[in-house]
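Down below is the structure, laid out as structure tokens.
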Protein chains: 4
Amino acid sequence: MLKEESVKRAELPMKEKMIDTCIALFGRKGFRETSIKDIVEANGMTKGTFYYYFKSKEDVLVYIHDTFISGLLHKQRKIMQTENYSYKEKLYAVVEMMILNIAEGVDSAMVFFREMRHLSEAKTKEILPKRDQFQKNIQEIIEGGISKGEFRSDLRADMLSYAILGIANWSYFWYEPGGEVKEQELTNIYMNIILQGIEEGKK
Amino acid sequence: MLKEESVKRAELPMKEKMIDTCIALFGRKGFRETSIKDIVEANGMTKGTFYYYFKSKEDVLVYIHDTFISGLLHKQRKIMQTENYSYKEKLYAVVEMMILNIAEGVDSAMVFFREMRHLSEAKTKEILPKRDQFQKNIQEIIEGGISKGEFRSDLRADMLSYAILGIANWSYFWYEPGGEVKEQELTNIYMNIILQGIEEGKK
Amino acid sequence: MLKEESVKRAELPMKEKMIDTCIALFGRKGFRETSIKDIVEANGMTKGTFYYYFKSKEDVLVYIHDTFISGLLHKQRKIMQTENYSYKEKLYAVVEMMILNIAEGVDSAMVFFREMRHLSEAKTKEILPKRDQFQKNIQEIIEGGISKGEFRSDLRADMLSYAILGIANWSYFWYEPGGEVKEQELTNIYMNIILQGIEEGKK
Amino acid sequence: MLKEESVKRAELPMKEKMIDTCIALFGRKGFRETSIKDIVEANGMTKGTFYYYFKSKEDVLVYIHDTFISGLLHKQRKIMQTENYSYKEKLYAVVEMMILNIAEGVDSAMVFFREMRHLSEAKTKEILPKRDQFQKNIQEIIEGGISKGEFRSDLRADMLSYAILGIANWSYFWYEPGGEVKEQELTNIYMNIILQGIEEGKK
DNA sequence: AATGAATGAGTTTTCATTCAT
DNA sequence: AATGAATGAAAACTCATTCAT
């Protein structure tokens with residue numbers, strides 16, 4: 001039993017280590033700019049080993065994308081299904097989740113937002129609906145909030161969902177985890193603007 | 001003089017045509033994914049000709065970046081200097097300008113936001129301050145609005161500027177020029193949210 | 001003893017199954033084009049297993065060649081030693097045997113005729129004499145037939161043997177076992193031409 | 001004019017030299033076994049140069065195949081259209097042509113007969129009908145000869161055409177140009193067998 | 001102003017083989 | 001008897017760039 005554990009500790013990490021390296025390198029340098037040589041040298045391996053675990057460079061990209069979007073959708077779904085949340089609270093939770101997600105893995109986010117075009121057409125067709133689903137879910141929360149009277153009834157839920165995605169996702173361009181502003185605080189700041197607007201004397 | 005003119009009439013279009021091709025190709029396929037062959041074949045030229053006009057592929061990228069950011073800063077500065085504008089109006093004009101800019105040249109925007117990392121370190125050092133300046137200017141408008149009592153005094157101008165950049169710039173991911181929503185309308189929708197927020201019953 | 005038998009029942013089939021797979025794959029795709037991965041996957045095995053049974057890919061090729069040429073020579077020798085056969089009958093039997101051999105194992109024939117060049121120099125030196133022997137034996141039958149007055153005395157037995165080899169072996173390019181023309185019939189057709197020629201009014 | 005000629009002498013040969021090298025190497029070592037490195041080193045060039053002239057290794061193979069089969073068909077057509085030839089003479093001329101063709105370019109023949117499987121499916125579809133045409137043309141000559149009473153009427157023209165192809169083409173396995181037997185002589189020997197058969201006392 | 005030939009360093013990928021277990 | 005991990009050498013191909021003309 002002890003032995004089995006120690007074996008797993010030695011085996012699994014190799015593939016996982018490579019994926020982590022890929023996320024880091026794809027995120028920092030870009031998919032195209034990262035060579036197999038870069039990846040394997042970062043892990044003290046040889047090229048052959050890479051191709052033992054993955055069938056191509058795109059294969060890893062696919063894996064990263066799938067993991068990222070699945071994670072996002074899963075967390076989003078959980079929030080949407082929380083029963084005692086108001087729509088306001090749901091929106092808050094989703095924005096917070098997006099920011100935390102980016103803060104936790106800037107490189108993953110980079111890969112996700114920037115390198116999708118390197119996926120094959122077939123894979124793109126598979127992943128795009130998931131991306132759309134994420135936006136549609138935000139739109140649904142807004143629509144729910146409108147019909148419950150939590151949000152203004154003159155809003156365009158679709159455009160608003162894009163605005164919220166923009167606010168939250170743009171943070172991957174500038175946000176520094178561990179910097180002055182913590183993720184919670186940023187969420188508060190953003191939600192405050194989204195909910196109340198910036199104009200003086202309207203509240 | 002006549003000769004010089006006629007020569008220019010022949011010269012400039014060629015160079016400009018190539019730059020336009022580059023914007024289109026870099027935007028659609030990416031900088032790295034676009035080969036010199038792609039560029040020259042799109043114009044019925046040969047590689048040699050490309051190197052007659054540009055000293056390298058990066059050279060074109062630099063030009064595209066410089067043009068884009070200079071245009072943005074120029075338009076922004078003009079708005080900021082418009083004397084009879086309130087800060088609210090200035091903010092409106094800047095958001096409108098960003099959206100129009102993206103709508104007019106999605107490819108340029110793509111190149112600008114996505115391909116900057118292919119610039120040399122030296123060039124990056126030169127361009128980054130300009131990018132920062134653009135954000136700082138938005139921040140300045142907000143600070144102006146706060147001190148004039150147009151905007152709420154409890155706002156963090158820096159974070160807010162990022163939020164506004166996110167809202168406007170994110171449109172390059174999904175906005176379709178010529179679609180249902182016109183640029184002016186999108187600006188109105190976004191500014192309405194930014195100014196008044198989305199919460200019901202607070203106005 | 002019982003144990004040994006049961007072990008053999010488990011062992012031999014595995015090795016033989018692999019060789020059969022190799023014949024099929026080498027024949028259809030070619031030696032170089034068939035990877036160890038192809039071979040083992042076709043048998044639900046892993047690479048290690050292949051190297052447990054064979055010391056290299058060439059090893060299998062050698063085995064296939066040896067088996068094929070040995071079979072041919074053996075059958076040929078048997079025909080040549082049949083005492084009550086005339087030389088005409090011997091020639092008939094050899095041609096029939098060649099055609100049957102190809103029809104029965106097109107893949108083996110393919111490997112034999114096409115992939116010999118992948119054998120090591122040493123192995124080639126060993127196998128070539130056997131190939132030559134096969135041709136020489138046909139030549140010998142013809143020479144026998146000439147001296148016995150069965151065949152025309154003005155024939156060049158060597159060139160004729162090549163012609164017969166060509167006629168029979170070329171069938172591996174086009175012959176479809178199970179098609180309209182059966183092997184026996186094809187033999188009759190070919191022997192009829194070889195013996196009597198195609199010209200009208202000479203019989 | 002002199003200059004133009006000398007330029008052409010310098011230019012064209014490069015591509016042609018490479019094709020010749022390819023024929024020699026593909027023929028001797030095989031398509032798969034010949035690396036681009038082999039090809040360019042044989043000509044004192046670098047890999048890049050190869051890809052300047054050809055878009056892939058298959059590209060050259062296609063060229064070799066097209067040239068070979070076109071040449072064969074062209075010569076065959078010319079023979080078939082010679083008006084004062086009897087069918088016997090046409091058959092003679094075609095067999096002679098095949099033998100000469102192989103003798104003149106054993107390597108080309110090798111490539112043609114052995115390496116066709118490396119062509120893409122699309123290219124194979126294009127070339128196969130041409131190969132079939134060659135056989136069909138021989139069949140046509142035989143059928144003509146039968147109906148004119150030159151050849152026996154009980155022959156199967158299709159099987160016979162395969163036999164003749166086999167006899168002639170098999171020579172690429174063993175024939176040595178410049179050896180004891182000249183091409184004309186071999187043609188005479190083969191045609192004599194084909195026309196009259198080998199059996200004694202039937203003429 | 002424009003071209004065509006050539007290059008060389010780099011890329012992804014394949015694969016037969018080894019070996020500890 | 002069988003496996004899974006790892007390797008290393010070589011393969012085909014790409015491409016920005018140079019340069020003589």
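Sequence lines set the chain letters: A, B, ... in the order given, protein chains first and strands last, and positions in each chain run from 1.
- In this structure, a donor-acceptor pair under 3.5 Å is absent between the side chains of C/H65 and C/E115.
- Note that CG of A/D59 and NZ of A/K123 are 9.0 Å apart. Values are rounded to the nearest 0.5 Å.
- For A/R131 and A/F112, the positive end sits near the middle of the six-membered ring, less than 6.0 Å away and at most 45° from its axis.
- If you take OH of A/Y53 and P of E/dT13, they are 18 Å apart, rounded to a whole angstrom.
- Pairing of E/dT21, defined by two Watson-Crick or G-U wobble distances under 3.5 Å, is identified with F/dA2.
- Among B/T21, B/T49, B/D20, the one residue that satisfies the side-chain hydrogen bond (donor to acceptor under 3.5 Å, both in side chains) test with B/N43 is B/T21.
- Between the P atom of F/dA12 and the CZ atom of D/F54 lies a distance of 15 Å, rounded to the nearest Å.
- At least one donor-acceptor pair closer than 3.5 Å links the side chain of D/K57 to the backbone N or O of D/F31.
- The nearest whole Å value for the distance from the CD atom in C/E41 to the P atom in F/dG4 is 12 Å.
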Nucleic acid footprint by protein, nucleotides 13-19 of chain F - heavy-atom cut-off 4.0 Å, B for base, S for sugar-phosphate alone: BBBBBB-
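- Rounded to whole Å, atom C1' of F/dA9 lies 18 Å from atom CE of A/M45.
- Nearest nucleotide to the B/T46 side chain, out of E/dT3, F/dT7, F/dG4: E/dT3.
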side-chain contact (heavy atoms from CB on, under 4.5 Å) assessment of D/I19 paired with D/Y53: CA-CA 10 Å; D/I19 291 171; D/Y53 287 108; over 6 Å; no
